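These notes concern the structure reproduced below.
On a predicted model such as this, the values are computed, not experimentally measured, just so you know. Proteins get letters first, then strands, A, B, ... in listed order; numbering begins at 1 in each.
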Amino acid sequence: MPYEHQQIEQKWQKFWDDNQTFATSDTTDKPKYYAVDMFPYPSGQGLHVGHPEGYTATDIMSRFKRAKGFNVLHPMGWDAFGLPAEQYAMKTGHNPADFTSQNIDHFREQIKSLGLSYDWNREINTTDPSYYKWTQWIFEKLYEKGLAYESNMMVNWDPIDRVVLANEEVIDGKSERSGNKVERKALRQWVLKITAYADRLVDDLDDLDWPEAIKEQQRNWIGRSKGAAVFFNVDHADAKIEVYTTRPDTLFGATYMVLAPEHELVDSIVTAEQKQAVADYRAAIAAKSDLERTDLNKDKTGVFTGAYGINPINGEKLPIWIADYVLASYGTGAIMAVPAHDDRDFEFAKKFDLAIKPVIAGGENDDVAYTGDGVHINSDFLDGLDKATAIDQAIDWLEAHQAGHAQTNFRLRDWIFSRQRYWGEPIPVIHWEDGTTSLVPENELPLLLPHATELRPSGSGESPLANLTDWLEVTRDDGVKGRRETNTMPQWAGSSWYFLRYIDPHNDHQLADPEKLKYWMNVDLYVGGAEHAVLHLLYARFWHKFLYDLGVVPTKEPFQKLVNQGMILGANHEKMSKSKGNVVNPDDIVREYGADTLRVYEMFMGPLTQSKPWSEEGITGSRRWLDRVWRLLIDDEGQLRDHVTTVNPGDLDKIYHQTVKKVTDDLENMRFNTAISQMMVFVNDAYKSDALPVTYMNGFIQLLAPFAPHLAEELWVRLGNRESISYVSWPTYDDTKLVDDTVEIIFQVNGKVRGKATVARDINQDDMITAAKADDNVQNFIMGKTVRKVIAIPGKFVNIVVS
RNA sequence: GCCGUUGUGGCGGAAUUGGCAGACGCGCUGGACUCAAAAUCCAGUGGUGGCAACACCGUGUGGGUUCGACUCCCACCGACGGCACCA
């Protein structure tokens with residue numbers, strides 16, 4: 001009887017369901033292990049072959065840890081708010097809730113067909129009111145703590161989808177999602193003060209077991225920079241300009257100043273003669289998109305305001321310019337320019353013929369700014385100092401003369417949290433006609449998203465909720481009328497805390513029980529794509545730290561260990577896409593080869609973290625191996641083969657114990673590909689053996705079970721064991737079985753292998769050297785030469801150095 | 001431009017601490033089984049030379065350290081990802 005994957009996989013999936021094999025208890029004295037997948041957006045496309053990769057990895061770890069005696073929490077859920085559903089609803093006239101629910105059913109069915117050991121009792125859905133009640137609750141807490149505020153902001157506006165995008169969602173001036181060109185537009189927005197947590201978000205990265213690349217991306221994104229604020233008086237005016245600089249040591253080299261065109265002081269300092277030029281320049285800048293101001297335009301522009309600033313350190317008059325290479329949104333929107341030692345200032349100074357004054361020795365070349373370290377010159381009390389010392393002394397001087405102070409700045413901006421969309425969590429706020437704003441009372445949460453049969457753009461830039469009058473308009477007991485907030489939350493909201501809800505998914509009076517949170521947090525393993533390096537992972541860390549400050553969660557960080565799975569590419573080494581025709585549908589693979597084959601193949605392709613191309617031959621190879629495992633134990637009639645026996649002739653002792661050790665070690669380190677290859681070696685050896693000791697076969701099937709759980713359950717029973725392998729304790733190995741009495745040592749001459757010999761394991765150095773010198777081929781290479789040195793490592797090799 | 005990752009047979013990849021490069025799989029070649037084929041089982045398979053023993057070359061390139069380097073150091077080249085006037 002051949003290996004019939006369909007029948008076997010259905011049988012065991014039903015068994016796990018019927019027996020609630022993977023339902024997780026909160027009350028146990030076992031150590032815990034919490035493994036989470038980045039939950040998917042249930043798109044209409046269904047599952048992609050990339051999904052099972054990460055899911056299989058966490059599933060293998062979960063099954064392994066169960067067998068190792070851990071209480072494992074391994075849940076799944078749906079990140080189900082999002083723009084595609086809204087767009088589809090607008091097109092078809094359906095409600096997003098209805099087909100989102102269909103999509104979820106489809107996703108769940110597909111995921112279940114992969115044999116993943118989720119506790120489905122804990123399934124969560126961000127669009128479920130009992131879930132988003134708590135998303136809204138967190139928002140209210142942020143509001144109460146002053147971390148959620150309204151602001152008129154220049155936002156990234158997608159004019160076609162009519163949505164506001166976060167900076168992170170804009171790539172090369174286009175919407176990451178729609179590809180539409182993004183414009184600047186001023187809109188009232190809800191903003192979360194993530195910058196209040198900037199320092200902690202940088203500092204706490206150090207203790208996390210995350211890929212260095214991701215940590216570095218977050219550090220760069222937050223962009224902490226240390227420098228100084230310096231105050232410049234404006235000549236003949238009652239105004240003071242504050243600039244930010246990381247190089248206060250070059251203050252003596254400042255030759256001009258620049259304000260961002262939007263800077264609030266521009267109007268008050270501009271001279272009559274320059275008024276028109278400045279107005280023209282600002283008008284020209286306002287018409288430009290962000291893309292045109294940055295990426296497309298490397299050529300510097302600007303105009304002189306006619307005003308002068310006074311350098312506090314030496315009283316020099318510096319012309320004040322406006323230029324768009326200075327950003328209003330960073331620092332104070334004003335800089336002191338030191339063209340001798342800053343590339344951008346240098347370029348600007350060259351173009352507009354401004355003075356260049358070196359204050360650091362080392363810049364011999366007049367064609368570029370010298371940005372390196374060196375001895376300070378032309379700098380009065382800083383002369384002769386190096387960069388670090390000069391920075392410290394300059395700051396001391398500024399502080400002593402009330403002309404400035406040390407200052408830390410961040411690139412990170414506050415998080416624009418509102419979207420002009422229907423299909424998101426309603427922001428639980430009411431704007432009253434008396435001008436006040438209030439939260440929806442906590443006991444009235446969740447504020448339900450009203451059911452809408454037909455979604456239409458409001459046309460005003462507001463979300464479609466603005467059309468739903470019944471929902472929109474409210475009246476207070478005292479007769480004052482109000483209007484609900486029509487903005488909804490971004491998709492990042494629900495995904496910023498979902499891993500907490502799995503811990504206590506049905507709690508209706510708390511986000512989650514603190515005792516349960518204390519037991520389960522942190523997440524021990526979090527697996528997902530690297531595309532979430534700064535978006536989701538930064539927001540989730542921010543909310544988590546906020547909840548930590550509130551005392552809601554017991555840990556400072558949510559995810560102790562993060563692993564990014566690599567991408568599965570098409571067979572042509574390119575990213576899978578419909579247009580390239582290289583998409584592989586997991587349903588087809590599961591049907592034709594089975595979920596176990598898909599799992600084994602995706603884990604065997606290469607290291608989890610690496611991108612690797614799909615191969616049709618590869619998947620058949622994995623299937624062939626599972627067939628081989630089946631045939632090793634089961635004969636053509638479907639009976640256990642006779643050579644599976646209780647006697648042990650000993651020929652598999654070493655390879656069996658080696659395999660247990662290697663697979664165990666590899667699993668601890670998530671090296672799934674090499675674990676599988678070791679099991680292949682074992683099977684190859686087992687095929688050559690006349691007798692297969694049943695204890696070894698049991699142990700091998702246990703090693704296989706995390707990878708190919710259905711097949712393993714089936715063979716486990718056929719080997720005469722009681723049903724269900726999931727909680728049988730993991731096999732152990734015997735160190736003494738790993739070593740032979742004899743070892744093969746190699747003989748080298750000048751580091752090249754010239755011979756080998758099998759010798760007793762405990763041979764001493766002298767005997768090894770004697771054996772080496774006696775070797776015929778070694779003789780050929782040392783004869784007639786002087787032996788300079790002999791290196792002998794017992795049990796490994798002898799190296800004879802001759803000349 | 002800056003930051004990060006990475007480079008090994010025809011292909012995916014292994015080599016955990018500086019110690020036999022290429023485990024395992026795919027592909028290919030040969031053999032067994034078969035009327036034949038497929039499937040399966042067994043064996044071989046980095047390149048060059050040689051009947052062979054074996055020799056020489058070989059981990060992106062060029063140098064270096066070392067008895068010994070895929071592994072460590074320096075310089076460079078290519079691929080991928082991120083950031084990109086952040087003062």
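Among the nucleotides B/rC67, B/rA23, B/rC3, the one closest to the side chain of A/S677 is B/rA23. With B/rA87, B/rG82, B/rG25 as the candidates, the nucleotide lying closest to the side chain of A/Q217 is B/rG82. Comparing atom distances between the A/T674 side chain and each of B/rA15, B/rC3, B/rA55 picks out B/rA15 as nearest. If you check B/rC85, B/rA87, B/rC67 against the side chain of A/N799, the one that comes closest is B/rC67.
Rounded to whole Å, the P atom of B/rG49 lies 15 Å from the corresponding atom of B/rG10. Between B/rC2 and B/rU8, the two P atoms lie 25 Å apart (nearest whole Å). Only the P atoms considered, B/rG68 is 28 Å distant from B/rA14, to the nearest whole Å. Between B/rC24 and B/rA36, the distance separating the two C1' atoms is 33 Å to the nearest Å. Atom C1' of B/rG47 sits at a distance of 43 Å from the matching atom of B/rC83, rounded to the whole Å. Rounded to whole Å, the separation between the P atoms of B/rG12 and B/rG60 comes to 14 Å. B/rG82 and B/rU59: their P atoms are spaced 32 Å apart (whole Å). The same atom, P, is picked in B/rA84 and in B/rG78; the two are 24 Å apart, to the nearest Å.
Atom C1' of nucleotide B/rC3 and atom CZ of A/R224 are separated by 17 Å, given to the nearest angstrom. Distance A/Y601 OH to B/rC11 P: 15 Å, rounded to the nearest Å. The interatomic distance linking A/H532 (NE2) with B/rG81 (C1') rounds to 15 Å, in whole Å. If you measure from atom CG of A/D342 to atom P of B/rC85, you get 13 Å, rounded to the nearest angstrom. In this structure, A/K612 atom NZ and B/rC11 atom P are separated by 19 Å, rounded to whole Å. Between A/L569 atom CG and B/rG81 atom C1' there is a gap of 12 Å when expressed in whole angstrom units. Regarding A/L327, its CG atom lies at a distance of 9 Å from the C1' atom of B/rA87, rounded to whole Å. For the pair A/E616 CD and B/rC26 P, the computed distance is 14 Å after rounding to whole Å.
Nearest-nucleotide positions on RNA chain B for A/V801 and A/I214 put A/I214 closer to the 5' end. Of the two residues contacting RNA chain B, namely A/P613 and A/Q748, the nearest-nucleotide position lying further toward the 5' end is that of A/P613.
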Polar-atom pairs under 3.5 Å, protein N or O versus N or O of nucleotides 5-10 of chain B: list them with distances, or write none.
none

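At the heavy-atom level, A/R754 lies under 4.0 Å from the strands shown only through sugar-phosphate atoms. Heavy atoms of A/F781 sit under 4.0 angstrom from primed sugar atoms or phosphate atoms, though from no base atom. As judged by a 4.0 angstrom heavy-atom cut-off over every strand, A/S615 is placed among residues making no nucleic acid contact. Using a 4.0 Å heavy-atom criterion, one finds that A/P607 contacts the sugar-phosphate atoms exclusively. Counting any heavy atom pair closer than 4.0 Å across all strands shown, A/S622 reaches no nucleic acid atom. A/D665 comes within contact range of no nucleotide atom at all, as no heavy-atom separation falls under 4.0 Å. When heavy atoms are screened at a 4.0 angstrom cut-off, A/T620 is found touching no nucleic acid atom at all. Among the heavy atoms of the strands, none lies under 4.0 Å from A/K215. A/G621 comes within contact range of the sugar-phosphate backbone alone, with a heavy-atom separation under 4.0 Å but no base atom that close. Among the atoms of the strands shown, only primed sugar atoms or phosphate atoms (P, OP1, OP2) are found under 4.0 Å from some heavy atom of A/N673.
Using a 30° and 60° split on the angle between ring planes, A/F348 and A/Y325 fall in the tilted class, from 30° to 60°.
Nearest heavy-atom pair across A/N564 and A/P211 is OD1-CG, 3.7 Å. Residues A/L382 and A/D249 share a closest heavy-atom pair of CD1-O, 3.6 Å. In this structure, A/G751 and A/N799 approach most closely via the heavy-atom pair N-OD1, 3.0 Å.
A donor and an acceptor atom, one from each side chain of A/N220 and A/R411, are nowhere located under 3.5 Å apart. For the 3.5 Å distance criterion, the side chains of A/T408 and A/R224 fail to qualify, holding no donor opposite an acceptor. Side-chain contact of A/T659 with A/Q678: a donor-acceptor pair under 3.5 Å is present, judged by distance alone. Residues A/S225 and A/N409 bring no donor and acceptor atom of their side chains to less than 3.5 Å of each other. Defined by atom type and a distance below 3.5 Å, a donor-acceptor pair is missing between the side-chain atoms of A/T664 and A/Y733.
Helical stems in RNA chain B, defined as runs of 3 or more consecutive Watson-Crick or G-U wobble pairs with donor-acceptor distances under 3.5 Å: B:1-7 with B:77-83, B:10-12 with B:24-26, B:27-32 with B:40-45, B:46-49 with B:54-57, B:60-64 with B:72-76.
Applying ring pair (Phe, Tyr, Trp, His ring centres under 6.0 Å) to A/Y539 and the options A/Y197, A/W415, A/W221 leaves one that passes, A/W415.
Of the side-chain N and O atoms in A/H573, none sit less than 4.0 angstrom from OP1 or OP2 of B/rC11. Here A/Y325 does not reach the OP1 or OP2 of B/rA87: none of its side-chain N or O atoms lies under 4.0 Å away. Applying the 4.0 Å criterion to OP1 and OP2 of B/rA84, one finds that A/R411 has a side-chain N or O inside that range.
Annotation: cation-pi pair A/R754/A/F781 present, NZ/CZ under 6.0 Å from the ring centroid and within 45° of its normal. Both the sub-6.0 Å distance and the 45° axial angle are not jointly satisfied by A/R623 relative to the ring of A/Y601.
The CZ atom of A/R599 sits 11.0 Å away from the OG1 atom of A/T597 when rounded to the nearest 0.5 Å.
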Reading nucleotides 39-44 of chain B from 5' to 3' and marking B where a protein heavy atom lies under 4.0 Å of the base, S where only the sugar-phosphate is that close, and - otherwise, the string is -SSSS-
Walk me through it: do A/L569 and A/M576 pass the test side-chain contact (heavy atoms from CB on, under 4.5 Å)?
-> CA-CA 6 Å; A/L569 306 168; A/M576 282 192 189; 6.0 Å; no
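Between A/F747 and A/F797, the ring center distance fails the sub-6.0 Å criterion.
With hydrogens and angles ignored, no donor-acceptor pair under 3.5 angstrom links the side chain of A/K796 to the base of B/rC20.
Using a 90° window around 0 for the glycosidic torsion, B/rG9 falls inside it and is classed as syn.
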